Amino acid sequence: AISGCEVVGLIPEAAMLAAAEHALQLEGFKRDQVLELRLRNAPLTEAVPIGSFFDQVAGPTPTPGGGTVAAFVGALATCLTTMVANLTVGKKKYAGSEAAMADLKREAEVLRRDLLALARRDSEAFEQVLKARRMSQAGPAETADREAAIAVADLEACAVPLESARACVRVATLAAVAAERGNTNACSDAGVAGLLARAAGEGALLNVQINLKSLPASADKDRIEAEATRVRSELVSAADRCAAAVGASLNA
């Protein structure tokens with residue numbers, strides 16, 4: 001019997017992981033449970049380098065996907081509205097907008113945190129969908145458990161991007177206020193914020209739409225569809241208001 005061995009030089013990581021899977025025989029093991037692999041694709045936070053996030057999105061995995069990116073873009077739009085507020089506060093010319101800009105800045109900072117959290121939740125929600133679909137169908141009881149888990153996961157996969165879209169409506173509204181009452185030299189920045197908020201909200205609603213296809217007819221499905229329609233209308237209205245204010249400022 002072999003009592004020991006030694007590896008001289010390099011060995012492919014995949015070979016080591018395959019050996020560990022074989023030796024440990026862990027039920028339901030996934031390679032992203034390995035700490036070193038998990039750290040390479042850390043959940044999105046402000047501490048994650050932007051290049052690392054880009055690599056994760058570009059990678060051959062379904063998450064992070066469009067819903068996460070939509071929420072991330074919405075968070076980025078809040079940064080521009082905050083910038084406009086910072087360029088307005090303290091300027092004598094805009095003394096009448098001081099309170100409005102202070103309120104805008106506070107809300108934008110809250111929305112930034114909320115949208116980053118929603119970006120993480122979106123990936124987690126889709127991972128739960130995948131996990132539910134991999135559940136056993138060996139017998140009637142297992143099949144029933146799987147169907148119940150899928151229904152819960154699919155509902156959450158609709159609810160999270162819908163929440164992101166609602167947040168983007170608020171961001172577009174802030175962008176409109178920034179364009180109307182903020183420093184006119186930064187009106188184009190407010191305009192970019194409005195455009196990003198609209199794109200992010202529309203992107204989030206696309207994810208709602210595609211995930212709704214997996215939901216069976218129900219009161220929850222009808223409610224989400226109606227809410228998505230309402231949110232889209234509010235998003236367009238807020239983004240158009242921002243665009244109009246930017247146009248007026250540029251043409252003044």
Side-chain angles (χ1 to χ4, degrees), residues 43-54 56-57 64-89 94 97 100-123 159-209 227-228 230-250:
L44 180 62
T45 67
E46 293 187 5
V48 173
I50 190 68
S52 175
F53 176 61
F54 286 172
Q56 290 180 41
V57 174
T68 295
V69 170
F72 176 84
V73 170
L76 189 59
T78 69
C79 299
L80 281 171
T81 60
T82 301
M83 185 189 82
V84 176
N86 285 330
L87 290 171
T88 305
V89 172
Y94 302 104
S97 299
M101 290 297 104
D103 291 342
L104 182 152
K105 184 177 176 180
R106 280 193 295 271
E107 185 172 359
E109 289 171 348
V110 171
L111 283 169
R112 176 180 171 181
R113 292 192 296 270
D114 289 349
L115 281 159
L116 275 179
L118 284 163
R120 292 192 297 274
R121 283 178 57 196
D122 191 272
S123 291
V160 173
L162 183 58
E163 192 172 341
S164 295
R166 289 194 198 100
C168 288
V169 172
R170 292 168 62 196
V171 178
T173 302
L174 292 183
V177 173
E180 292 165 350
R181 305 196 60 181
N183 190 324
T184 55
N185 293 324
C187 69
S188 59
D189 300 295
V192 173
L195 291 170
L196 289 179
R198 180 169 185 168
E202 292 282 7
L205 290 171
L206 282 179
N207 280 267
V208 175
Q209 186 176 349
E227 177 68 3
R230 184 187 67 79
V231 170
R232 180 174 281 106
S233 176
E234 292 180 353
L235 179 67
V236 170
S237 177
D240 285 349
R241 174 186 161 193
C242 178
V246 171
S249 181
L250 290 174

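In what follows, residues are counted from 1 in the order of the sequence shown. In this text the structure is predicted, and so the values were computed from the model without any measurement.
Contact between Val246 and Gly191 at its shortest, heavy atoms only, is CG2-CA, 3.5 Å. Minimum heavy-atom separation, Thr81 to Leu174: CG2-C, 4.2 Å. In terms of heavy-atom proximity, Gly201 sits nearest to Ala165 at O-CB, 4.0 Å. In plain terms, the two heavy atoms of Ala239 and Ala172 that are nearest each other are N-CB, 4.2 Å. Scanning all heavy atoms of the two residues, the minimum distance from Ala200 to Ala70 falls at CB-O, 3.1 Å. Nearest approach of Ala190 to Cys242, heavy atoms of both residues: O-SG, 3.5 Å.
Considering CZ of Arg170 and CG of Leu235, their distance stands at 13.5 Å, rounded to 0.5 Å. To the nearest 0.5 Å, the span separating CE on Met83 from OG1 on Thr88 amounts to 9.5 Å. The CG atom of Leu205 lies 7.0 Å from the CG atom of Leu162; values are rounded to the nearest 0.5 Å. Annotation: the span from Arg232 atom CZ to Arg198 atom CZ amounts to 10.0 Å, rounded to 0.5 Å. Glu163 CD to Leu115 CG: the interatomic distance, rounded to the nearest 0.5 Å, is 9.0 Å. Atom-to-atom distance recorded for Leu116:CG and Arg121:CZ is 13.0 Å, nearest 0.5 angstrom.
Under a 4.0 Å N-O distance rule, the pair Arg230/Glu234 qualifies as a salt bridge.
A donor-acceptor pair under 3.5 Å links the side-chain atoms of Asn183 to the main chain of Leu87, judged by distance alone. Remark: the backbone N or O of Ala75 is paired with a side-chain donor or acceptor of Thr78 at under 3.5 angstrom. Panel note: side chain Ser97, backbone Arg181; a donor-acceptor pair is recorded below 3.5 Å. Between the Thr173 side chain and the Val169 main chain, a donor and an acceptor come within less than 3.5 Å of each other.
Counting heavy atoms from C-beta on, the side chains of Met101 and Val177 come closer than 4.5 Å. Residues Asp122 and Pro161 have side chains in contact (heavy-atom distance under 4.5 Å, counting atoms from C-beta outward). The closest side-chain heavy-atom distance from Arg112 to Val171 is not below 4.5 Å. Looking only at side-chain heavy atoms (C-beta outward), Leu104 and Thr82 stay at 4.5 Å or farther from each other.
For the residue pair Ser123 / Thr68, a side-chain donor-acceptor distance below 3.5 Å is found, with atom types taken as modelled.
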